[in-house]
Amino acid sequence: MSEPASPLVPREGWHVMHLFYHIDHSQWQMLDESEQREAKTRFTELVQEIRTTTDTQLLTFAVATPKADLGFMLLTPDLQVANAFEKRLTLSLGVDVLNPGFSYLSQTERSEYTTTSEQYGEETLSGEDGLEKGSKEFEAKLEEFAERMEHYLQHRLYPVLPDWPAICFYPMSKRRLGDDNWYALDYDARRLLMKGHATTGRKYSGRILQLITGSTGLDDAEWGVTLLAKDTIDIKEIVSEMRFDPVSVKYGEFGDFYIGMQMPLDEIFKRLCL
Ligand code: 76R
């Protein structure tokens, strides 16, 4: 036996794959009833195996329109593991039953625009709130902020995604066209714009769970945007509002949008007429 491939685990964060498939019902119909039952069992067992792998999550969803039928979002540290699971998922209902339609590779990442405790202290507590550095209130608020951010950073790098029913995925890049080149702006200008973006985003707290994963050098766009919601109107609202946000107005470029519904596997089988 050859050696197993050496792991490809990022220094921090996890790999993320969004996978979209079409069902080929003509291939599925070629299986007799017991083969179909076996295929569904195999598939269910594989999903369970993935979900019980350490630090690994697999979201399964039915896609709302014929852009695709079935979607997965796989989060796991090791790209070797992600790749192996992806190949097995593709085959698990039988050869050619699941046809890959679209896929996206990214990684969870921290943001260079996340407000640091120093920035919060200087800009918000001293600057806006007029608190004196070193005062009891200043220090208490700073500590509260640091705790909140630690929690938030943990979510960005090692998220635990809820089973909210609506899932929206789209790739996104920042424009690099003539004078509208995000990457030619200096850091302070970018940070100021992102601060406005974050303020808009925070209004959706509790209604939208957003996960921005980085894909520069890994896939065609620069980020994957995953939004989870309990109501599709919140997805429509946040994406609409972001379009008016100065960052998206000038620099946002978007790929195709996929809307899915998270549900347990047996529901998915029924939904997909398998
Ligand atoms: O530090 C933080 O993570 C919080 C501040 C924050 C950053 C740095 C933040 C907050 N985002 C950040 C970065 Mn966002 N976000 C999007 C989209 O459709 C569109 O127009 C844009 C798609 C949405 C809907 C959204 C929602 N964000 C980013 C980046 C990386 C930028 C870079 O590095 O250049 C992208 C591409 C991006 C895009 N963002 C929030 C939200 C929401 C809901 C929040 C508030 C999160 C919260 O505080 O709970």
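This structure is a prediction, so every number in the text was calculated from the model and none was measured. Whatever order the structure lists ligands and atoms in, that order sets their numbers, starting from 1.
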Number of protein N/O/S atoms that sit closer than 2.8 Å to atom 14 (Mn) of ligand 1 | 1
Ligand 1-proximal atoms of [X], by part, heavy-atom distance under 4.0 Å:
X: R156; result: side chain
X: Y204; result: neither
X: M172; result: side chain
X: D245; result: neither

Within 6.0 angstrom of I233 CD1, more than 12 heavy atoms from elsewhere = no
Would you mind listing which atoms of ligand 1 come within a distance below 4.0 Å of any non-hydrogen atom of W182?
-> 34 (O)
Numbered in order shown, the ligand 1 atoms found under 4.0 Å of a heavy atom of I238 are 43 (C)
Honestly, is [X] close enough over [Y], meaning NZ or CZ under 6.0 Å from the six-membered ring centre and within 45° of the axis?
X: K174; Y: W223; answer: yes
X: K67; Y: F20; answer: no
X: R243; Y: F254; answer: yes

Does any N or O of ligand 1 fall below 3.5 Å from an N or O anywhere on [X], backbone included?
X: T114; answer: yes
X: S248; answer: yes
X: S111; answer: no

Just going by heavy-atom distances, which of Y152, Y183, W223, Y113 is nearest to atom 2 (C) of ligand 1?
-> Y152
Who's the nearest protein heavy-atom neighbour of [atom], and how far?
atom: atom 48 (O) of ligand 1; answer: R202 CG, 3.1 Å
atom: atom 22 (C) of ligand 1; answer: Y170 OH, 3.1 Å
atom: atom 31 (C) of ligand 1; answer: K174 NZ, 3.4 Å

Between R271 and E267, is a salt bridge (Lys or Arg N to Asp or Glu O under 4.0 Å) present by the stated rule, with each step listed?
-> CA-CA 6 Å; R271 182 66 55 88; E267 287 291 319; 5.1 Å; no
Got a sec, which residues hit salt bridge (Lys or Arg N to Asp or Glu O under 4.0 Å) with R191, two or more places apart in sequence or on another chain?
-> E123
Ring-ring centroid check F269 F43, cutoff 6.0 Å | yes
Where A68 and Y258 come nearest, the two heavy atoms and their spacing | CB-CE2, 4.4 Å
